[in-house]
Amino acid sequence: TYSLEIAGATTLKGNLFLNNSTDVTLGGAINDGGAGLFINKINTGTLWIDSDTSASYSGNVFIQAGMLRFGNPRAGNNTAKLGSGLLTINPGAEMRLTALTNINTAANQKIDLVSTPYSTAVLRTVPLTQAEYQQILTSTSNGQLALLGTQGSALDMSTIGNGRMY
């Protein structure tokens, strides 16, 4: 299997359309100069973010297919973040959190899971508390929570996202 790994900084001069069927790792800062440029990831590959880009990237992210992960193919990264904008996971796509710290909660960053009756958006995550799920998911989120571990506390699924999470 092949992959593309960019270890240095990535400067966006326009919106990024990433059509990857293999792993792509962005290992350095992602900078959009405050322009609010977006990243639109399509195809079945995984986009890995392996640094904290919360101070340099302000745009929204759209994961249309495949997966968004934090770290690199060799190891997860608890401190990696993808900017401060909305993270939209569309039907058939997935996002995997290594830790709550992958979300820029200081900037009120949110995840929006968008599912249809025929295809779900999936958030794979370490177990979080009720309040943490409510903090990071939009009120319109609907999709699947796939817990990577044992949930230590009860969850009222009717209060997470739009109340239709499973």
Side-chain angles (χ1 to χ4, degrees), residues 1-115 119-126 128 132-141 143-146 148 161:
T1 306
Y2 295 95
S3 68
L4 171 65
E5 189 165 343
I6 300 170
T10 302
T11 300
L12 300 179
K13 298 295 186 181
N15 296 316
L16 174 62
F17 291 86
L18 186 60
N19 183 357
N20 63 308
S21 58
T22 61
D23 288 351
V24 171
T25 303
L26 300 178
I30 301 170
N31 189 335
D32 69 351
L37 300 173
F38 65 79
I39 296 173
N40 188 10
K41 187 219 163 301
I42 60 174
N43 215 326
T44 58
T46 299
L47 172 59
W48 294 86
I49 302 299
D50 200 17
S51 67
D52 181 350
T53 66
S54 59
S56 59
Y57 177 66
S58 61
N60 293 335
V61 177
F62 303 92
I63 306 299
Q64 309 291 356
M67 186 181 290
L68 170 62
R69 293 190 68 176
F70 297 91
N72 61 61
R74 296 170 298 285
N77 183 335
N78 290 352
T79 61
K81 293 179 180 63
L82 184 50
S84 57
L86 182 66
L87 303 170
T88 300
I89 312 303
N90 281 310
E94 301 182 27
M95 177 177 182
R96 182 171 179 170
L97 294 181
T98 305
L100 176 64
T101 50
N102 293 140
I103 303 302
N104 189 354
T105 55
N108 201 30
Q109 186 175 44
K110 300 278 187 190
I111 302 166
D112 190 22
L113 297 176
V114 181
S115 295
S119 184
T120 188
V122 178
L123 175 61
R124 297 185 184 283
T125 180
V126 294
L128 303 173
E132 290 167 337
Y133 285 119
Q134 290 169 326
Q135 179 184 20
I136 65 171
L137 290 168
T138 64
S139 63
T140 59
S141 283
Q144 179 182 358
L145 288 178
L148 303 170

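Judged purely by atom type and a 3.5 angstrom limit, Glu5 has no side-chain atom pairing as donor or acceptor with the backbone of Pro73. Checked by atom type and distance alone, the side chain of Asp52 pairs as donor or acceptor with a backbone atom of Ser54 at under 3.5 Å. With hydrogens and angles disregarded, no donor-acceptor distance shorter than 3.5 Å links the side chain of Thr46 to the backbone of Asp23. Side-chain atoms of Asn31 do not come within 3.5 Å of backbone N or O of Thr11 as any donor-acceptor pair. For Thr53 (side chain) and Lys81 (main-chain N/O), a donor-acceptor pair under 3.5 Å exists by modelled atom type. For Thr10 (side chain) and Ile30 (main-chain N/O), no donor-acceptor pair under 3.5 Å exists by modelled atom type. With Ser51 contributing its side chain and Gly28 its backbone, the two residues share a donor-acceptor pair below 3.5 Å. Side-chain atoms of Gln64 never come within 3.5 Å of backbone atoms of Lys41 as a donor-acceptor pair (strictly under, hydrogens ignored). A donor-acceptor contact shorter than 3.5 Å is absent between the side chain of Thr138 and the backbone of Lys110. Ser141 contributes a side-chain N or O that, together with a main-chain N or O of Leu113, makes up a donor-acceptor pair within less than 3.5 Å.
When every heavy atom of Thr22 is checked against every heavy atom of Ser3, the shortest pair comes out as OG1-CA, 4.3 Å. Residues Leu148 and Leu97 come closest through the heavy atom pair CD1-O, 4.4 Å. Here the closest non-hydrogen pair linking Thr125 and Tyr133 is CG2-OH, 3.6 Å. The two residues Leu86 and Thr88 have their closest heavy-atom pair at CD2-OG1, 3.5 Å. Taking every heavy atom of both residues into account, Ser56 and Ala29 meet most closely at OG-CB, 4.0 Å. Of all the heavy atoms in Gly71 and Thr25, the pair that sits closest is O-CG2, 4.1 Å.
The structure places CD1 of Ile136 at 11.5 Å from CG of Asn108, a figure rounded to the nearest 0.5 Å. Interatomic distance, CD1 of Ile63 versus CG of Leu87, reported as 8.0 Å (0.5 Å rounding). A distance of 4.0 Å separates CD1 in Ile49 from CG in Leu47, rounded to the nearest 0.5 Å. Note: Leu26 CG to Asn72 CG = 11.5 Å, rounded to the nearest 0.5 Å. Remark: Leu68 CG to Ile111 CD1 distance equals 9.0 Å, nearest 0.5 Å. Atom OG of residue Ser21 and atom CD1 of residue Ile42 lie 10.5 Å apart, to the nearest 0.5 angstrom.
Side chains of Asn102 and Met95 form no contact here, defined as non-hydrogen atoms less than 4.5 Å apart.
The side-chain hydrogen bond (donor to acceptor under 3.5 Å, both in side chains) with Glu94 is formed by just one residue from the set Arg69, Arg124, Gln144; it is Arg124. Screening Leu82, Asn78, Asp50 for a side-chain contact (heavy atoms from CB on, under 4.5 Å) involving Phe70 leaves a single residue, Leu82.
Using modelled atom types and a 3.5 Å distance limit, the side chains of Asp32 and Ser58 yield a donor-acceptor pair. No side-chain N or O of Asn77 forms a donor-acceptor pair with one of Thr98 less than 3.5 Å apart.
Among residues at least two apart or in separate chains, ring pair (Phe, Tyr, Trp, His ring centres under 6.0 Å) pairs with a member in residues 29-57 are Phe17-Phe38, Phe38-Phe62.
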